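Written out below as structure tokens is the structure these notes cover.
Both backbone and side-chain heavy atoms feed into the values below; hydrogens, waters and symmetry mates do not. Keep in mind it's a predicted model, so treat the numbers as computed, not measured.
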Amino acid sequence: MRIRFLWLGTFLLNLALVGCGSSSNQATPDGGPGAAAEAGAAAEAGAAGEAGAVGTPPGAPAACPVVVKAADCDTTQRPILFVHGTYSSGMDIEHMAALLGSNGFCQDRIATIDYDSVAATPGLSGGGVDSPGADCTAPNTPSGCGIIDRAITALLTKYPQFTQVDLAGHSQGTFHCGTYLGLHAARVAHYINFSGVPAVGDVQTLSLSSERDLFGFPHHATGTSVCAFHQVADGGTEAVLPDGGTEAVLPEGGADGSATGDGGAGCNVVQVTFNHQDHFAVAASKDSFVQVYKYLTGKAPKYTDIQCGDDPVTVEGVAETFADNVPIPGKIEIREVGPTPRDTAAPTMTVTADALGHFGPVMLTRNVEYVFVGYDPSGKLVGWEYLTPFKRDNHNVRLLAPASGSDGSPVGGLVAAQSTDHVVSSATTSVVIARWAEGGIRQDLGASLKVNGAEVLSSDNSGLNAAMTMSLQGGVAALFLEDANKNGKTDLGLAYSTTFIGFTDAFVSAAQPAFVNLTFTGGSEDPATVDVPVAIDNYPSTQGLVEVVFQ
């Protein structure tokens, strides 16, 4: 219990402590030049990112050498329910879902919940954070109670051939899953634990964490018996001592960190610890997918990259506020990104999110880039969300709007004060929020993000210096690009930081309509993700924020 309080309590207490931000004038961990090197990188980036730089529209849709059709999915696999963590949403499982779909899992059976994930006080009290794993049994009816159980009931009703689901939780979500398992373990066949410390009893469990996880140490589920494995230098895993044991106990399937079926006769909890994955990558990375697939099927996946699915692709999701996850039942315009920046022609289609914020399903052309333009119920523009082209179906899209003190959550104002209230906006600059569906943005592992050819990642904003910044906690899951000092240049650094969010000084001109080209490289966490392009419009930040998701 003491570890759990540290994990959640410090996590949430940090919201009240990080208002001072952090300095970028710190030495590198290896004694390197630090600020001097950053200054040189900033000068180079600024030279490439001068005002007036003009990007190009998207290129032609990519070809599909392989197509894995939804109709061919394995209908014997149970439905999966995912529970997200703090400052997050159901979108955190989209990369894992696409990889599972590329290997025969039915993507429409991978469901998610959303809940208010931010507490007003460190002790998880005072309003805000929901309790989705708890039952609603009077007089104990905490906010958000029953969400997980209702979602599982809905899945078992939709797929009556099953009496159990597979449950997965990340970070704070593992706490809620642990609560649920203590009440309804019989409804769960397997539990997938992404970075958390619940006690799961006898439930068959795969627990994934990393040495680079939250606070710098692994977080694992515990149960009746444990088999533990650790990633080694060549990318494989070796056995380590299970809790209380005197020798390593290997699960069925060998010493590669996988397990056959239910984890083998030797243990009910299989722990796998990675070396370098950040807190978010533990739930979303390619390495994590491989372990999940092996655990659920007993064999290695055929594909470790996302393969194309049917054309058109089926897309649906939820429009909601960031972190407190209040639904936004407003209009959504979906536009194909064409040859003209800031296109004012009629959208490709217009949909309306329902009272729960849900929109779709809609049918979109495979491998074509779209922008989702969101409006609140009064018709006010909220912002723009660009996603790299959909290769296959996606049922877990999240369109996020800034939280506010009037959004209906008791912590909306707190979330805004610690995040989007720090945006520096103007009528002549764009503010761009970059995210990677596989995890955090890791400059220290070779990740790259270029804006019109200029590198904007540095040690300070997404690398080793950033890793030592207490306020960031588990790494940079979202990087805000803004002209923080309003000088019309790119100066990089870490202008502001809070839990999982960094702000860096990257100038994007909005003086005249133009395209802006972003390219992302994942680094050693995914060597196959190299120079992935997306073209966005340079909308003025006074009108709204632009979010870019590299899927």
statement: Contacts of D526 meeting side-chain contact (heavy atoms from CB on, under 4.5 Å) (sequence neighbours excluded), chain-then-number -> K286, D305, W436, E438, A528, T529
- prompt: Can any side-chain N or O of Y496 pair as donor or acceptor with the backbone N or O of Q418 at less than 3.5 Å?
  reply: yes
statement: Rounded to the nearest 0.5 Å, the OG atom of S471 sits from the CG atom of L494 at a distance of 7.0 Å
- prompt: Counting only N and O atoms by type, is there a donor-acceptor contact under 3.5 Å from the side chain of Y386 to the main-chain atoms of D537?
  reply: yes
- prompt: Any idea which heavy atoms bring V318 and F359 closest together, and the distance?
  reply: N-CE2, 3.5 Å
message: Treating T519 as the side-chain partner and V532 as the backbone partner, does any N or O pair qualify as donor plus acceptor under 3.5 Å?
response: no
query: What is the minimum heavy-atom distance between S195 and H170, and which atoms define it?
result: CB-CD2, 4.4 Å
- request: Could I get the full list of side-chain contact (heavy atoms from CB on, under 4.5 Å) partners for S88, not counting sequence neighbours?
  value: H84, D92, F280
query: Given H219, which of S209, S210, S171 fulfils the side-chain contact (heavy atoms from CB on, under 4.5 Å) condition?
result: S209
query: What distance separates L414 CG from D324 CG, expressed to the nearest 0.5 Å?
result: 9.5 Å
- prompt: For H358, does the NE2 atom have more than 12 heavy-atom neighbours from other residues, nucleotides or ligands under 6.0 Å away?
  reply: yes
- prompt: In chain order, what residues pass the side-chain contact (heavy atoms from CB on, under 4.5 Å) check against A417, with sequence neighbours excluded?
  reply: D421
- prompt: Is there a side chain to side chain contact (heavy atoms under 4.5 Å, CB included) between I501 and F480 once you walk through the steps?
  reply: CA-CA 8 Å; I501 300 172; F480 282 66; 3.5 Å; yes
- request: Taking S541 for its side chain and T429 for its backbone only, find out whether a donor-acceptor pair lies under 3.5 Å.
  value: yes
task: List the steps, then state whether ring-ring contact (aromatic ring centres under 6.0 Å, His included) holds for Y87 with F322.
output: CA-CA 7 Å; Y87 264 33; F322 166 67; 5.1 Å; yes
- prompt: Can the ring centroids of H279 and F500 be said to lie less than 6.0 angstrom from one another?
  reply: yes
Distance-only side-chain donor-acceptor flag, N394 / Q551, under 3.5 Å: yes
- prompt: Is the shortest heavy-atom distance from the side chain of E455 to the side chain of S448 under 4.5 Å?
  reply: yes
task: Walk me through it: do V546 and I433 pass the test side chain to side chain contact (heavy atoms under 4.5 Å, CB included)?
output: CA-CA 6 Å; V546 175; I433 309 165; over 6 Å; no
message: Between F274 and H230, is the ring-ring contact (aromatic ring centres under 6.0 Å, His included) condition met? List the steps.
response: CA-CA 6 Å; F274 299 109; H230 198 290; 9.3 Å; no
Check: S117 side chain, A323 main-chain N or O, donor-acceptor pair, under 3.5 Å: yes
task: Spell out, as yes or no, whether a donor-acceptor pair under 3.5 Å connects the side chain of S409 to the backbone of V411.
output: yes
- request: Identify, with sequence neighbours excluded, every residue that meets side-chain contact (heavy atoms from CB on, under 4.5 Å) alongside Q543.
  value: L381, W384, Y539, P540
field: Closest non-hydrogen atom pair, A437 against E94
entry: CB-OE2, 3.4 Å
message: Given 3.5 Å as the limit, does a donor-acceptor pair link the side chain of D130 with the main chain of Y115, or not?
response: no
message: Between T504 and L479, is there a side-chain heavy-atom distance shorter than 4.5 Å?
response: yes
- prompt: Does any non-hydrogen side-chain atom of D287 lie less than 4.5 Å from one of H276?
  reply: no
message: Using every non-hydrogen atom in the two residues, find where I113 and P132 come nearest and quote the distance to one decimal.
response: CD1-CB, 3.9 Å
- request: Examine distances only and state if a side-chain atom of Y295 and a backbone atom of T205 form a donor-acceptor pair shorter than 3.5 Å.
  value: yes
- request: Report the C-alpha separation of F82 and I110 in whole Å, then their side-chain angles, then the decisive distance to 0.1 Å, and conclude whether the side chain to side chain contact (heavy atoms under 4.5 Å, CB included) test is met.
  value: CA-CA 8 Å; F82 173 73; I110 303 173; 5.7 Å; no
message: I'd like to know if the side chain of D460 pairs up with that of N465 as donor and acceptor (distance under 3.5 Å, no hydrogens or angles considered).
response: yes
- prompt: With a 4.5 Å heavy-atom cut-off, do E369 and V534 have their side chains touching?
  reply: yes
query: Would a line drawn from the ring center of Y370 to the ring center of F390 be shorter than 6.0 Å?
result: no
message: Within this structure, what is the CG-OG1 distance for the pair L464 and T469, rounded to the nearest 0.5 Å?
response: 11.0 Å
field: Residue pairs, two or more places apart or on separate chains, that pass ring-ring contact (aromatic ring centres under 6.0 Å, His included) and touch residues 437-460
entry: none
- request: Determine whether V516 and N452 make a side-chain contact, defined as any pair of heavy atoms from C-beta on separated by less than 4.5 Å.
  value: yes
- request: Kindly indicate, with the supporting measurements, whether the criterion side chain to side chain contact (heavy atoms under 4.5 Å, CB included) is fulfilled by V292 and M96.
  value: CA-CA 9 Å; V292 170; M96 180 78 67; 4.1 Å; yes
message: Would you compute the distance between atom NE2 of H220 and atom CG of L206 and round it to the nearest 0.5 angstrom?
response: 9.5 Å
- prompt: Do the non-hydrogen side-chain atoms of Q277 and S288 ever get within less than 4.5 Å of each other?
  reply: yes
- prompt: To the nearest 0.5 Å, what is the distance between CG (D213) and CZ (F215)?
  reply: 9.5 Å
task: Heavy atoms only: give me the nearest A281-E525 pair and the separation to one decimal.
output: CB-OE2, 3.8 Å
query: Do you know which of D483, L481, N487, N485 makes side-chain contact (heavy atoms from CB on, under 4.5 Å) with F507?
result: D483
message: For a quick check under 3.5 Å, do T86 and Q172 share a side-chain donor-acceptor pair by atom type?
response: yes
task: Measure the shortest side-chain to side-chain distance between E316 and V397 over non-hydrogen atoms and say whether it is less than 4.5 angstrom.
output: no
task: State, yes or no, whether a side-chain contact exists between N275 and R212 at a heavy-atom distance under 4.5 Å.
output: no
query: Nearest heavy-atom pair of G169 and Y191: which atoms, and what distance?
result: N-CE1, 3.8 Å
- prompt: Just by distance, do the side chain of N325 and the backbone of D116 share a donor-acceptor pair under 3.5 Å?
  reply: no
field: From L208 atom CG to Q231 atom CD, the distance as rounded to the nearest 0.5 Å
entry: 11.0 Å
task: May I have all residue pairs that pass salt bridge (Lys or Arg N to Asp or Glu O under 4.0 Å) and include part of residues 397-409, sequence neighbours excluded?
output: D114-R398, E320-R398
- prompt: Can any side-chain N or O of T521 pair as donor or acceptor with the backbone N or O of D531 at less than 3.5 Å?
  reply: yes
